[in-house]
K.L.:
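Please see the structure below; I have some questions.
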There are 2 protein chains.
Amino acid sequence: MIANNTNIKFMKEALKEAQKAASKNEVPIGAVVVFKGKIIGRGHNQSINTNDPCAHAEIMALRQAAKKLFNYRLTDVDLYVTIEPCAMCAGAMVWARIRNLYYGTRDPKAGASGSVFNIVNNKKLNHRIFVHRGILEKECRKSIQDFFKKKRKK
Amino acid sequence: MIANNTNIKFMKEALKEAQKAASKNEVPIGAVVVFKGKIIGRGHNQSINTNDPCAHAEIMALRQAAKKLFNYRLTDVDLYVTIEPCAMCAGAMVWARIRNLYYGTRDPKAGASGSVFNIVNNKKLNHRIFVHRGILEKECRKSIQDFFKKKRKK
């Protein structure tokens with residue numbers, strides 16, 4: 001999609017989160033949750049450091065946002081994430097009933113917004129999410145590629 | 001499958017967890033995580049009361065177990081849950097790399113172990129789980145049906 005300034009601003013914040021993950025030697029994925037033009041949840045991948053298989057960027061950001069709104073349902077809420085969400089995170093977004101999902105680059109190995117599964121937009125489930133792909137795609141792809149390049153060198 | 005005494009014992013514990021959810025007016029789903037014959041994680045659905053879209057029985061139980069083993073990877077670990085897991089929970093089980101999933105009754109509306117998706121046993125993902133369906137099936141089905149019957153009466 002053609003990203004506007006708002007999209008770019010929030011994806012840059014998601015990229016900052018991804019950077020935090022990289023600095024902890026976690027796969028660099030970052031997410032922010034936006035409500036009425038403001039960030040109400042931030043998250044970065046930290047499964048290894050927290051011993052938590054569920055500690056993906058999107059889950060962290062969604063949980064923080066729900067706590068802030070005192071509601072597990074995040075109506076009229078948008079989520080930005082640097083990489084296409086996995087099945088777990090896509091499933092969480094459907095339960096939370098978020099409105100828009102903006103993501104940077106595809107994940108052909110585990111993506112659940114069209115790549116391996118399509119969970120965010122499935123007629124059988126009771127909620128569907130508008131998906132906008134390709135926000136700062138190059139930057140998001142580079143962020144994860146750089147991380148794995150460094151890892152391989154080591 | 002034909003359940004043995006061990007399977008029945010642990011599914012009864014999962015049903016106790018489901019009962020805890022019902023008593024809080026949450027959809028009664030319960031789960032336990034088992035390692036070397038011992039329960040190392042318990043969970044019941046509590047999304048509404050905790051304002052957390054991710055607070056499903058399985059997620060709660062997996063997170064507790066991972067904290068206990070100091071590892072987000074739950075190798076040689078089994079999970080018992082009263083109802084077929086959703087996409088979020090099935091996805092979490094794959095990340096956690098659990099060995100066996102035992103569940104009570106199917107969820108035709110959102111189940112991700114064959115009903116709507118098959119996430120726990122998908123060749124494209126990097127881990128597959130052995131699935132055993134129908135442990136205390138009648139009891140598990142009744143537990144959820146009773147809850148919704150009561151709700152409709154009110």
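Each chain gets a letter, A, B and so on, in the order the sequences are listed, and its residues count up from 1.
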K.L.:
Counting only non-hydrogen atoms closer than 4.5 Å, does B/Asn49 touch chain A with its backbone (N, CA, C, O), its side chain (CB onward), both, or neither?
P.N.:
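Contact with chain A involves no heavy atom of B/Asn49 at all.
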
K.L.:
Take a 6.0 Å sphere around NZ of A/Lys20 and say whether it holds more than 12 heavy atoms from other residues, nucleotides or ligands.
P.N.:
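Buried by this count: over 12 neighbours within 6.0 Å.
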
K.L.:
Start with the C-alpha gap between B/Phe70 and A/Asn51, add the side-chain angles, then the distance that decides, and say whether side-chain contact (heavy atoms from CB on, under 4.5 Å) holds.
P.N.:
CA-CA 6 Å; B/Phe70 300 103; A/Asn51 296 319; 4.0 Å; yes

K.L.:
How long is the span from the NZ atom in B/Lys124 to the CZ atom in A/Phe117, to the nearest 0.5 Å?
P.N.:
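Reported to 0.5 Å precision, the distance equals 8.0 Å.
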
K.L.:
For a quick test of reading the model, state the closest non-hydrogen atom pair linking A/Ala92 to B/Pro53 and the distance between them.
P.N.:
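Scanning both residues, the minimum pair turns out to be O-CB, 4.4 Å.
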
K.L.:
Indicate, with yes or no, if A/Ile135 and A/Phe130 share a hydrophobic cluster defined by side-chain heavy-atom contacts under 4.5 Å among Ile, Leu, Val, Met, Phe, Trp and Tyr.
P.N.:
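Result: no, two separate clusters.
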
K.L.:
Rounded to the nearest 0.5 Å, how far does CD1 of B/Ile59 lie from CG of A/Asp52?
P.N.:
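Result: 8.5 Å between the selected atoms.
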
K.L.:
With only heavy atoms counted, which part of B/Asn126 is less than 4.5 Å from chain A, the side chain, the backbone, both or neither?
P.N.:
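Looking at B/Asn126, nothing touches chain A.
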
K.L.:
Following the transitive rule for hydrophobic clusters with a side-chain heavy-atom cut-off under 4.5 Å over Ile, Leu, Val, Met, Phe, Trp and Tyr, establish whether B/Val33 and B/Trp95 coincide in one cluster.
P.N.:
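Looking at the clustering, B/Trp95 is in a separate group from B/Val33.
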
K.L.:
If you count heavy-atom pairs within less than 4.5 Å of chain A, which of B/Asn122, B/Leu62, B/Leu74, B/Val94 leads?
P.N.:
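That would be B/Asn122.
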
K.L.:
Quick one: pull up CE in B/Met88 and SG in A/Cys86 and give me the separation to the nearest 0.5 Å.
P.N.:
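It is 11.0 Å, given to the nearest 0.5 Å.
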
K.L.:
Flag yes if A/Val116 and A/Leu125 sit in one hydrophobic cluster, no otherwise; membership is Ile, Leu, Val, Met, Phe, Trp, Tyr, and two members link when side-chain heavy atoms are under 4.5 Å apart.
P.N.:
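Yes, one cluster joins them.
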
K.L.:
Just give me the residue among A/Met93, A/Gln64, A/Lys109, A/Lys67 that pairs up with chain B most often, heavy atom to heavy atom, under 4.5 Å.
P.N.:
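Most heavy-atom pairs within the cutoff with chain B belong to A/Lys67.
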
K.L.:
With hydrophobic residues grouped by side-chain heavy-atom distances under 4.5 Å, do A/Ile48 and A/Val27 end up in a single group?
P.N.:
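A/Ile48 and A/Val27: separate clusters.
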
K.L.:
Show the nearest heavy-atom pair for residues A/Tyr72 and B/Ser47, with the distance to one decimal.
P.N.:
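Reported closest heavy-atom pair: CB-O, 3.7 Å.
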
K.L.:
Are A/Val120 and B/Ile119 linked, directly or through other ILVMFWY residues, by side chains that come within less than 4.5 angstrom of each other?
P.N.:
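Result: yes, single cluster for both.
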
K.L.:
How long is the span from the SG atom in A/Cys54 to the NE2 atom in B/His56, to the nearest 0.5 Å?
P.N.:
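Answer rounded to 0.5 Å: 11.5 Å.
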
